[in-house]
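Below is one structure, written out as structure tokens; the observations come after it.
Nothing here was measured: the structure is a model prediction, and the numbers come from that model. Throughout, numbering of the chain's residues begins at 1 and tracks the sequence.
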Amino acid sequence: MTGKLGRNDPCHCGSGKKYKQCHQRLDEEREKAERELKTIGQWVSFHTSRLIAQVPEAARPTGDDALLNELAVFDLPGGDADVHISGTAQPDDSAEVHALARALASSHLSLHECTECKRGRGVRLTDRLTGATQMVWDPELGASVDPMEVLLCRVIKVGDRAVVASGHEKVYFRGRKQAIADLAATIDAAAGEDAIARAGWLKRNGAAVIERARAARPSQ
């Protein structure tokens, strides 16, 4: 780990340079930023952004669309977690960051409805396309999401806690029921009622989920 390296030790990146001439300043800046994180949601957002940024730009969409960038990095064809980790989590990252990369690589985008809100503490989210329900203890979500609102997002497990990944957005109120119905009908035809098969369809077709959810917005 980087904290055990001396200034004159070889850098952990394998460049052959001394640590002080290579990654020391960047590592110290990252460690300072981590110390300022206050919630597990902020930690996930911070490291998800880092993981995405470490993938070459050619492999990511242009612009700052968080959901499309997540698709490009974590939902590669085949769904092999090792493929994602090899291009994201670095050798000097902690075991927790490697676990986060695996969780992101095995997750999928879906439409999650807030079925319970504990204001300022967290929300219960029900995946309307697979039926899975998770309690997400995140004070920021608990302050910003109301019952019956629907999020376009991926819910991952960090240790034994459910967390909403950094890229998420609300589905427009008036169009969300039809968006859910349209996607559910498509998944029913393609994957039936099996929860694993449905999750697999969502893993392969995240772009279609984003497109349909965003189409619920009123025309400008």
- Between the side chains of His108 and Asn205, does any donor sit under 3.5 Å from an acceptor? no

- Query: To the nearest 0.5 Å, what is the distance between OG1 (Thr115) and CD (Gln134)?
  - Reply: 11.0 Å

- Item | Under 3.5 Å donor-acceptor, Ser15 side chain and Cys11 backbone | no

- Item | Nearest atoms (heavy-atom pairs only) where Tyr172 meets Ala216 | CD2-O, 3.1 Å

- Glu149/Arg176 salt bridge by N-O under 4.0 Å criterion: no

- Message: So does Ser107 get a backbone contact from the side chain of Lys203, meaning a donor-acceptor N/O pair under 3.5 Å?
- Response: yes

- Message: Looking at Arg161 and Asp138, is any side-chain nitrogen of the basic one under 4.0 Å from a carboxylate oxygen of the acidic one?
- Response: no

- 4.5 Å side-chain heavy-atom contact, Leu51 and Leu104: yes

- Message: Between Asp27 and His12, is there a side-chain heavy-atom distance shorter than 4.5 Å?
- Response: yes

- Task: Keeping the roles fixed (side chain from Arg119, backbone from Gly142), state whether a donor-acceptor pair exists under 3.5 Å.
- Result: yes

- What's the spacing between Thr133 OG1 and Leu125 CG if we round to 0.5 Å? 9.0 Å

- Message: Ignoring hydrogens, what is the shortest heavy-atom contact between Ser110 and Leu202? Give both atom names and the distance.
- Response: OG-CD1, 3.8 Å

- Query: Under 3.5 Å, side chain of Arg204 to main-chain N/O of Gly200, donor-acceptor pair present?
  - Reply: yes

- Message: Is it true that Gln42 and Glu140 share a donor-acceptor pair across their side chains at a distance under 3.5 Å?
- Response: yes

- Can you tell if the side chain of Arg198 reaches within under 4.5 Å of the side chain of Asp194, non-hydrogen atoms only? no

- Message: Check this for me: Lys177, atom NZ, are more than 12 non-hydrogen atoms of other residues, nucleotides or ligands nearer than 6.0 Å?
- Response: no

- Message: So which atom in Thr48 and which in Phe74 form the shortest heavy-atom distance, rounded to 0.1 Å?
- Response: CG2-CE1, 4.1 Å

- Message: Can you confirm whether more than 12 heavy atoms, excluding those of Glu29, are under 6.0 Å from its CD atom?
- Response: yes

- For Ile180 and Leu129 the tightest heavy-atom approach is O-CD2, 3.9 Å

- Message: Any carboxylate oxygen within less than 4.0 angstrom of a Lys/Arg side-chain nitrogen, looking at Lys18 and Asp9?
- Response: no

- Message: Using every non-hydrogen atom in the two residues, find where Leu109 and Gly206 come nearest and quote the distance to one decimal.
- Response: CD1-O, 4.3 Å

- Please examine the side chains of Trp201 and Thr186, heavy atoms only from C-beta on, and report whether any two atoms are closer than 4.5 Å. yes

- Query: Are any side-chain N or O atoms of Thr126 and backbone N or O atoms of Arg128, one a donor and one an acceptor, separated by less than 3.5 Å?
  - Reply: no

- Item | From CD1 (Ile187) to OG1 (Thr130), nearest 0.5 Å | 8.5 Å

- CZ of Arg121 to CG of Leu141, rounded to nearest 0.5 Å, is 14.0 Å

- Message: Under 4.0 Å between a side-chain nitrogen and a carboxylate oxygen: does that hold for Glu36 and Lys32?
- Response: yes

- What about Leu151 and Val158, same hydrophobic cluster or not, with Ile/Leu/Val/Met/Phe/Trp/Tyr joined at side-chain heavy-atom distances under 4.5 Å? no

- Message: Within the structure provided, determine whether Arg154 and Asp75 are in side-chain contact (heavy-atom separation under 4.5 Å).
- Response: yes

- Task: Could you tell me whether a side-chain N or O of Glu70 sits under 3.5 Å from a main-chain N or O of Gly167, the two making a donor and an acceptor?
- Result: yes

- When you check the gap from the basic side-chain N to the acidic O, do Arg217 and Glu169 get nearer than 4.0 Å? yes

